[in-house]
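Reading through the structure tokens given below for one structure.
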Amino acid sequence: QFIPPYTEECRTGMYPPNGPTFRGAVSWYTVDLDLPPSKRWTAVITDKKTDLIEMIQAIKDLANAFVPSGKLIELVDIMLPLMVDTLPNPFSDEIKGIAAVSGIPLGEVVLFNIFYEVFTV
Amino acid sequence: CTSVVAEDNKGNLVHGRNLDFGLFMGWDVKNKSWIISEKLKPLVVNLDFKRNNQTVFKSTNFAGYVGMLTGIKPHIFTLTMNERFSLDGGYIGILEWILGQRDGMWMSFLTRSVLENANSYEEAKTRLAQTKLLAPAYFILGGNQTGQGCIITRSRLLSIDILEIDLKLGRWYVLETNYDHWKEPFFLDDRRTPAKKCMNQTTQTNISLKTIYDVLSTKPVLNKLTTYTTLMQVSEGSLESYIRDCPNPCMPW
């Protein structure tokens with residue numbers, strides 16, 4: 001168990017979650033699909049804004065580590081807002097709503113939402 | 001990621017998943033952890049999507065991400081998605097999108113649309129298998145009847161393979177990490193073998209949400225990339241999730 005890949009004996013009795021592998025429970029929120037798409041995420045984002053800003057800053061720091069000139073982030077902030085309107089609704093309007101509530105530049109919220117496809121790069 | 005759908009010997013279907021993310025996106029030497037994985041953990045939320053004040057589906061998500069990676073349509077189906085690596089990957093889909101070819105779907109928008117609009121396991125399976133994507137993926141789908149559990153291996157354009165639970169063959173669960181099930185996993189990242197060993201050791205008689213949590217808590221199925229574990233039971237319509245840590249020694253992936 002002390003050499004990679006650190007395979008353990010099959011764990012038992014881990015539930016209910018406890019101990020060092022359990023960091024914490026997860027909060028519940030309601031997303032009302034009857035609201036306009038731009039308003040649906042207001043409650044979640046109002047609560048999580050600070051963590052979201054921190055996470056996006058971490059990605060920006062990483063991008064700057066690769067491209068110190070800051071050009072990569074500029075590209076994200078200039079190009080991806082142009083792309084948001086090509087995304088299908090309701091996703092496009094929901095992403096705009098998240099950017100408005102969080103204050104995070106729209107391009108960076110778009111990047112977060114298409115990250116799975118971008119990550120393959 | 002690791003996703004598993006299992007049928008116990010009373011015909012109940014349970015679905016569990018570890019969401020692993022942040023590989024090679026900055027290693028924090030002091031804390032021995034991935035920077036982005038740690039930044040994602042506080043963003044984990046459980047969401048109840050409602051229309052006319054009725055629950056349409058529930059999901060575990062990262063705040064700010066409008067697509068879906070983990071979800072349940074209560075009493076109808078459960079769905080998770082794992083990443084699939086391919087040279088014909090998402091960057092080609094993005095390029096096509098920028099060049100104006102927009103008949104493909106962004107992966108997590110497809111899962112969100114299926115959770116929101118599909119009304120049966122078969123309908124969900126058809127849509128996940130046949131909709132053109134911008135990036136390859138694995139979709140792990142559970143239903144509400146015996147035998148309804150499958151792994152859909154997708155390229156961007158095709159459904160390459162669908163592996164289903166088959167009790168007659170003794171296949172009472174299907175389990176996916178990040179490699180095609182008919183191939184050996186990458187030798188430096190074999191989470192499949194230990195996960196399957198623990199599932200087989202648990203046996204169909206004892207499989208439940210609790211024991212799936214045990215399997216998903218066993219290193220290296222639990223690793224430094226694991227941000228959360230979600231457990232779903234379609235017959236109960238229940239979804240519960242837990243933010244995870246992997247104390248040292250622990251595999252970085």
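Every chain is numbered from 1 and lettered A, B, ... according to where its sequence line falls, protein lines coming before strand lines.
- Panel note: side chain Asp245(B), backbone Arg23(A); no donor-acceptor pair is recorded below 3.5 Å.
- Using a 4.5 Å cut-off between heavy atoms, Ile104(A) does not touch chain B at all.
- Interface summary for chain A: among Phe85(B), Tyr228(B), Trp106(B), Phe62(B), the most heavy-atom pairs under 4.5 angstrom belong to Trp106(B).
- Residue Ile35(B) touches chain A through its side chain alone, counting heavy-atom pairs closer than 4.5 Å.
- Residue Trp97(B) touches chain A through its side chain alone, counting heavy-atom pairs closer than 4.5 Å.
- In terms of heavy-atom pairs under 4.5 angstrom with chain A, the leader among Leu209(B), Thr60(B), Asn52(B) is Asn52(B).
- Applying the side-chain contact (heavy atoms from CB on, under 4.5 Å) criterion to Thr193(B), with sequence neighbours excluded, gives Asp190(B).
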Worked verdict on Tyr213(B) versus Phe22(A) for side chain to side chain contact (heavy atoms under 4.5 Å, CB included) | CA-CA 11 Å; Tyr213(B) 186 81; Phe22(A) 170 53; 4.3 Å; yes

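- Top candidate by heavy-atom pairs under 4.5 Å with chain A, chosen from Lys219(B), Lys39(B), Met251(B), is Lys219(B).
- The CZ atom of Phe109(B) sits 8.5 Å away from atom CD of Glu94(A), with the distance rounded to the nearest 0.5 Å.
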Go through the steps for Tyr15(A) and Glu240(B) under the test side chain to side chain contact (heavy atoms under 4.5 Å, CB included), then give the verdict.
-> CA-CA 12 Å; Tyr15(A) 191 97; Glu240(B) 54 191 89; 2.3 Å; yes

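- Of the listed residues (Thr86(A), Val101(A), Thr12(A)), the one with the most heavy-atom contacts under 4.5 Å to chain B is Thr86(A).
- Neither the backbone nor the side chain of Val221(B) comes within contact range of chain A; no heavy atoms are under 4.5 Å apart.
- Within the 4.5 angstrom heavy-atom criterion, only side-chain atoms of Leu62(A), from C-beta onward, approach chain B.
- Within the 4.5 angstrom heavy-atom criterion, only side-chain atoms of Lys58(B), from C-beta onward, approach chain A.
- Counting all heavy atoms, side chain and backbone alike, Thr21(A) lies closest to Arg244(B) at O-NE, 2.8 Å.
- Across Thr229(B), Leu134(B), Ile36(B), the residue that shares the most heavy-atom pairs under 4.5 angstrom with chain A is Ile36(B).
- Comparing Gly64(B), Ser59(B), Cys198(B) by heavy-atom pairs within less than 4.5 Å of chain A, the highest count is held by Gly64(B).
- Only the side chain of Leu231(B) comes within contact range of chain A, with at least one heavy atom under 4.5 Å from a heavy atom of that chain.
- Contacts of Trp41(A) with chain B are made by side-chain atoms alone, with heavy-atom separations under 4.5 Å and no backbone atom involved.
- Interface remark: of the candidates Phe115(A), Phe91(A), Tyr29(A), Phe91(A) forms the most heavy-atom pairs closer than 4.5 Å to chain B.
- Interface remark: of the candidates Thr30(A), Ile98(A), Asp47(A), Thr30(A) forms the most heavy-atom pairs closer than 4.5 Å to chain B.
- For chain B, the option among Leu82(A), Asp51(A), Ile56(A), Asp32(A) with the highest count of heavy-atom pairs below 4.5 Å is Asp51(A).
- Neither the backbone nor the side chain of Met199(B) has a heavy atom closer than 4.5 Å to any heavy atom of chain A.
- For a residue to count as touching a neighbouring chain, one of its non-hydrogen atoms must lie under 4.5 Å from one of that chain's; by this rule Leu239(B) touches chain A with backbone and side chain alike.
- Across Thr218(B) and Glu9(A), no two heavy atoms sit closer than the pair CG2-O, 3.7 Å.
- Between chain B and the residues Ser102(A), Ala58(A), Pro20(A), Gly97(A), the largest count of heavy-atom pairs under 4.5 Å involves Pro20(A).
- One distance of note links CG of Leu216(B) with CE of Met14(A); it measures 10.5 Å at 0.5 Å rounding.
- Smallest separation of non-hydrogen atoms from Tyr116(A) and Arg84(B): OH-N, 3.2 Å.
- Across all non-hydrogen atoms, the minimal contact from Asn46(B) to Val26(A) is N-CG1, 3.3 Å.
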Which atom pairs, donor and acceptor, lie under 3.5 Å between side-chain atoms of residues 21-30 of chain B and protein residues at least two apart or in another chain?
unit_1	atom_1	unit_2	atom_2	d
Asp28(B)	OD1	Lys30(B)	N	3.1
Asp28(B)	OD1	Asn31(B)	N	3.2
Asp28(B)	OD2	Asn31(B)	ND2	2.7

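- In this structure, a donor-acceptor pair under 3.5 Å is absent between the side chains of Ser217(B) and Arg11(A).
- By number of non-hydrogen pairs under 4.5 angstrom with chain A, the leading residue of Gln201(B), Lys41(B), Arg112(B) is Arg112(B).
- In this structure, the portions of Ala137(B) lying under 4.5 Å from any heavy atom of chain A include both its backbone and its side chain.
- For chain A, the nearby part of Arg102(B) is the side chain; its heavy atoms alone come within less than 4.5 Å.
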Start with the C-alpha distance between Leu40(B) and Met55(A), add both sets of side-chain angles, then the distance that settles side chain to side chain contact (heavy atoms under 4.5 Å, CB included), and finish with yes or no.
-> CA-CA 7 Å; Leu40(B) 283 171; Met55(A) 191 276 291; 4.1 Å; yes

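- Counting heavy-atom pairs closer than 4.5 Å to chain B, the top residue among Leu35(A), Ile95(A), Val109(A), Leu87(A) is Leu87(A).
- Rounded to the nearest 0.5 Å, atoms NZ (Lys49(A)) and CG (Leu43(B)) are 14.0 Å apart.
- The two residues Ala63(B) and Phe112(A) come nearest to each other via the heavy atoms O-CE2, 3.5 Å.
- In this structure, the side chain of Asn113(A) engages the main chain of Val66(B) through a donor-acceptor pair within 3.5 Å.
- Of the two parts of Pro90(A), only the side chain, counted from C-beta on, holds a non-hydrogen atom closer than 4.5 Å to a non-hydrogen atom of chain B.
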May I have the step-by-step check of side chain to side chain contact (heavy atoms under 4.5 Å, CB included) for Tyr91(B) and Glu117(A), ending in yes or no?
-> CA-CA 6 Å; Tyr91(B) 58 99; Glu117(A) 284 75 12; over 6 Å; no

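- Note that CD1 of Ile243(B) and OG of Ser27(A) are 7.5 Å apart. Values are rounded to the nearest 0.5 Å.
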